[in-house]
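None of these values were measured; they are calculated from a predicted model.
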Amino acid sequence: MASWVRSAVMVLAMVLLPMMVESYVRHYKFTVVMKNFTRLCESKAMVTINGKFPGPTLYAREDDSVVVQLVNKVPHNITIHWHGIRQLRTGWSDGPAYITQCPIQTGHSYTYKFNVTGQRGTLLWHAHITWLRATVHGAIVILPKHGVPYPFPKPDYEKIIVLGEWWKSDVDAVMNQWMQTGLPPNVSDAHTINGYPGPVPNCSTSKGSTLHVEPGKTYLLRIINAALNEELFFKIARHQFTVVEVDACYVKPFKTRTIYIAPGQTTNALFTADQKPGKYLMAISPFMDTIVAIDNQTATGTVRYKSIESYTPTTLTTLPAANATPATNSFIESLRSLNSAKYPALVPLKIDHSLLFVAGVGVNNCSTCVNGSRVVAGINNVTFVMPDTALLQAHYYHISGVFTRDFPGKPLTPYNYTGVTNLTSMQITTGTKVYPLKYNSTVQVVMQGNSVIAPESHPIHLHGFNFFIVGKGVGNFDPVNDPKNFNLVDPVERNTLNIPTSGWTAIRFRADNPGVWFLHCHLEVHTTWGLKMAFLVENGKGPNESLIPPPKDLPTC
């Protein structure tokens, strides 16, 4: 080869190689299969992805494309939601059943395709139909672009910790209990850390997850709450965490000994093995600061330093009380965006839509239920009715009669949300309603909890967007005085917020993603009861601001 040809090839390689390694197409195959698992000394067949629990981790880098072929080999309909992925213009791959797609039926397949645009950190994927996400879930790890460092000290190792719940019975049977009786479903039988509950009474073979560490090394823990219905505390005996990210958004680092994390939320924390070599308890327990029933079991695992004797005793720890509201407030109020030149906090300052969404439960008549009534839930006194045709398909193809565009932006009948109310009825209306938004409009939503029947905190997830949490408080939101205390400089950016018990949380976001986007409580029991709605974001100008056409293999209802 002539020297000039070799030189040209070398120059071309130097130009193309960075382009080649900058982004990839990541291919995965998720096969939905039944698999027997034994926990708490009892076995059951359950729905899994590739026979794993928790399921396989999906790895990508910022700006990669992801292609996941999902093949359904179980006698259940299935969809997968890529929780926290923005899905810019690719709503067909978002996953919530009957919102963006019809379910994937037994013996059928569907290929999810989406780009990881401008995101890096830890997210999760999970089933988004009935209660199947109890066993169908896993981690999403998005690494920074090649050559881009973390904005915190580089860890020596990274570990994934998935928190969950376990039922001895079939989870869909638990859900159907409410459908048949109208009574709240049974709580879980155990919590789990990476699929294991740890030692429990009356089952000598029950074991816990072990995290092996080397003395002096620093680990980035990618912590995911995949539980169905419970907010959790997480601790490791004698060790401290430095929180550096939540919901795939970097935060100003802060130190804590207790991590609070709600269903659907993720937290990245640095943890250094800086104690005397030994075994240390790793544990989770539930948070609930009201009268609602919970699974009060503590799940445990072990942090084990390498090269110690097997009979070394385990150092124990004390977890916060179940109603330790100050512990949750301390954690939530410590979260701040980096708001740096590279990672700015682009908080909308001018608001086009100012909404008040009151979330709570009610009681509707039910002739077949035990007490002649059924507990339901809703937003602004509307319990969402799932359609038979996916909302996004109805929107795209202009199919009438599937939904209406009149979701109320505030309660139609205001009342004292968190005090003694003047409500004459606890009944909630029903409907399949969306709230329309023009492309690129700015939105403020105050999520207000209420005290009707059973006040409690709600983790609320918004599909298709990140948002900034600009304020929170206890009691009723004051539209005159509370905004004066909003943080518009460095509020934390998330995809799943927390409404405090009998309180409120305010968020802001820009509607820069066309499509139909679900907003719902991430307590599965409340979603089942109807605490959900959807935003419809219209197309903008031109193809880059418009929803892409549906794929040819999109499932049909």
**Asked** Are Thr218 and Thr272 close enough, and set up right, to give a side-chain hydrogen bond (donor to acceptor under 3.5 Å, both in side chains), and what steps lead you there?
**Response** CA-CA 4 Å; Thr218 296; Thr272 300; 2.9 Å; yes

**Intermediate values then yes/no, side chain to side chain contact (heavy atoms under 4.5 Å, CB included), Ile193 and Thr300** = CA-CA 7 Å; Ile193 301 174; Thr300 59; 5.7 Å; no

**Request:** Tell me, with the steps shown, if Phe535 and Phe465 meet ring pair (Phe, Tyr, Trp, His ring centres under 6.0 Å).
**Result:** CA-CA 11 Å; Phe535 287 105; Phe465 300 94; 7.7 Å; no

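His76 places no side-chain N or O within 3.5 Å of a backbone atom of Val74 that could act as its donor or acceptor partner. Panel note: side chain Asn50, backbone Thr31; a donor-acceptor pair is recorded below 3.5 Å. Side chain of Ser334 to main chain of Ser330: a donor-acceptor pair is present (N/O by atom type, distance under 3.5 Å, no hydrogens or angles). Proximity of a side-chain donor or acceptor of Gln119 to a complementary backbone N or O of Ile142 within less than 3.5 Å is not detected. Side-chain atoms of Thr130 do not come within 3.5 Å of backbone N or O of Asp172 as any donor-acceptor pair.
Under the 4.5 Å side-chain criterion, counting only non-hydrogen atoms from C-beta, Val32 is in contact with Ile49. Using a 4.5 Å heavy-atom threshold, the side chains of Thr317 and Thr315 count as separate. Lys145 is listed as a side-chain neighbour of Asp63, based on a closest heavy-atom distance under 4.5 Å. Proximity of Val68 to Trp125: side-chain heavy atoms (C-beta onward) are nowhere separated by under 4.5 Å. Side-chain contact between Pro459 and Cys521: present, with at least one pair of heavy atoms (C-beta onward) separated by less than 4.5 Å. The side-chain heavy atoms of Trp529 and Val361, taken from C-beta on, include a pair separated by under 4.5 Å. By the 4.5 Å heavy-atom criterion applied to side chains, Val251 and Glu493 are not counted as neighbours. Contact of the Ile259 side chain with the Phe331 side chain is registered, since non-hydrogen atoms from C-beta on lie closer than 4.5 Å.
In this structure, His128 has its ring center no closer than 6.0 Å to that of His137. The six-membered or imidazole ring of Phe468 lies away from that of Phe509, with a centre-to-centre distance of 6.0 Å or more. Aromatic pair Tyr280/Tyr305: ring centres closer than 6.0 Å.
In this structure, Ala359 and Leu531 approach most closely via the heavy-atom pair CB-CD2, 3.9 Å. Nearest heavy-atom pair across Leu281 and Leu316 is CB-CA, 4.1 Å. Considering all non-hydrogen atoms of both residues, Trp517 and Arg86 come closest at CH2-O, 4.3 Å. For the residue pair Ile224 and Leu123, the shortest heavy atom distance occurs at CD1-O, 3.6 Å. Here the closest heavy-atom approach between residue Leu124 and residue Asn225 is recorded as CD1-O, 4.4 Å. Of all the heavy atoms in Gln177 and Leu183, the pair that sits closest is NE2-O, 4.5 Å.
For the salt bridge (Lys or Arg N to Asp or Glu O under 4.0 Å) condition, the pairs that include at least one residue of residues 105-121, sequence neighbours left out, are Glu62-Arg120. Sorted pairs that involve residues 286-328 and meet disulfide (SG to SG under 2.5 Å), not counting sequence neighbours, are lacking altogether. Residue pairs satisfying the side chain to side chain donor-acceptor pair (under 3.5 Å) criterion with at least one member in residues 150-163, sequence neighbours excluded, are listed as follows: Tyr150-Glu158, Tyr150-Arg222, Tyr157-Glu214, Glu158-Arg222. Listed by first then second residue, pairs satisfying salt bridge (Lys or Arg N to Asp or Glu O under 4.0 Å) with a partner in residues 269-296 number zero, not counting sequence neighbours. Applying the side chain to side chain donor-acceptor pair (under 3.5 Å) test to every pair with at least one member in residues 189-206, sequence neighbours left out, gives these pairs: His191-Glu230. Residue pairs that meet the salt bridge (Lys or Arg N to Asp or Glu O under 4.0 Å) test with at least one member in residues 196-212, sequence neighbours left out, do not exist here. The disulfide (SG to SG under 2.5 Å) pairs that include a residue from residues 221-256 number zero, where partners must be two or more places apart or lie in different chains. For the salt bridge (Lys or Arg N to Asp or Glu O under 4.0 Å) condition, the pairs that include at least one residue of residues 518-535, sequence neighbours left out, are Arg133-Glu524.
In summary, the side chains of His83 and Thr496 do present a donor paired with an acceptor at a separation below 3.5 Å, with no hydrogens or angles considered. Under 3.5 Å, the side chains of His526 and Glu456 contain a donor-acceptor pair of N or O atoms. Tyr110 and Gln105 share no donor-acceptor pair across their side chains, judged by distance under 3.5 Å alone. Side-chain atoms of Trp131 and Thr528 form a donor-acceptor pair, as typed in the model, at a separation below 3.5 Å. Defined by atom type and a distance below 3.5 Å, a donor-acceptor pair is missing between the side-chain atoms of Thr302 and Thr210. Remark: the Glu231 side chain and the Ser457 side chain contain an N/O donor-acceptor pair separated by less than 3.5 Å.
Remark: Arg336 engages Asp490 in a salt bridge (charged side-chain N to carboxylate O under 4.0 Å, His left out) (not counting sequence neighbours). For the salt bridge (charged side-chain N to carboxylate O under 4.0 Å, His left out) test, no residue two or more places apart in sequence or in another chain qualifies with Glu309. With sequence neighbours excluded, no residue forms a salt bridge (charged side-chain N to carboxylate O under 4.0 Å, His left out) with Asp94.
Put simply, CE on Met533 and CG on Leu462 are 9.0 Å apart, with the number rounded to the nearest 0.5 Å. The line from SG of Cys102 to NE2 of His108 is 12.0 Å long, rounded to the nearest 0.5 Å.
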Please report, to 0.1 Å, the donor-acceptor pairs under 3.5 Å made by any side chain of residues 33-46, with sequence neighbours excluded.
unit_1, atom_1, unit_2, atom_2, d
Lys35, NZ, Gly51, O, 3.3
Asn36, OD1, Ala45, N, 3.3
Thr38, OG1, Ser43, OG, 2.4
Arg39, NE, Gly195, O, 2.6
Arg39, NH2, Gly195, O, 3.3
Lys44, NZ, Trp167, O, 2.6
Lys44, NZ, Ser169, O, 3.1

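For the pairing with Lys472, the side-chain hydrogen bond (donor to acceptor under 3.5 Å, both in side chains) check across Thr505, Asn487, Asn498, Asn329 returns one residue only, Asn329. Across His81, His520, His522, a single residue satisfies side-chain hydrogen bond (donor to acceptor under 3.5 Å, both in side chains) together with His461, and that is His81. Checked against Phe114 for a ring-ring contact (aromatic ring centres under 6.0 Å, His included), the options Tyr28, Trp82, Trp92 give a single hit: Trp82.
Between Phe287 and Phe233, the two ring planes are perpendicular [angle over 60°; tilted spans 30° to 60°]. Phe152 and Tyr250 have perpendicular rings, their planes meeting at more than 60° on a 0 to 90° scale where under 30° would count as parallel.
Counting heavy-atom neighbours within 6.0 Å of Lys306 NZ, excluding the residue itself, gives a total above 12.
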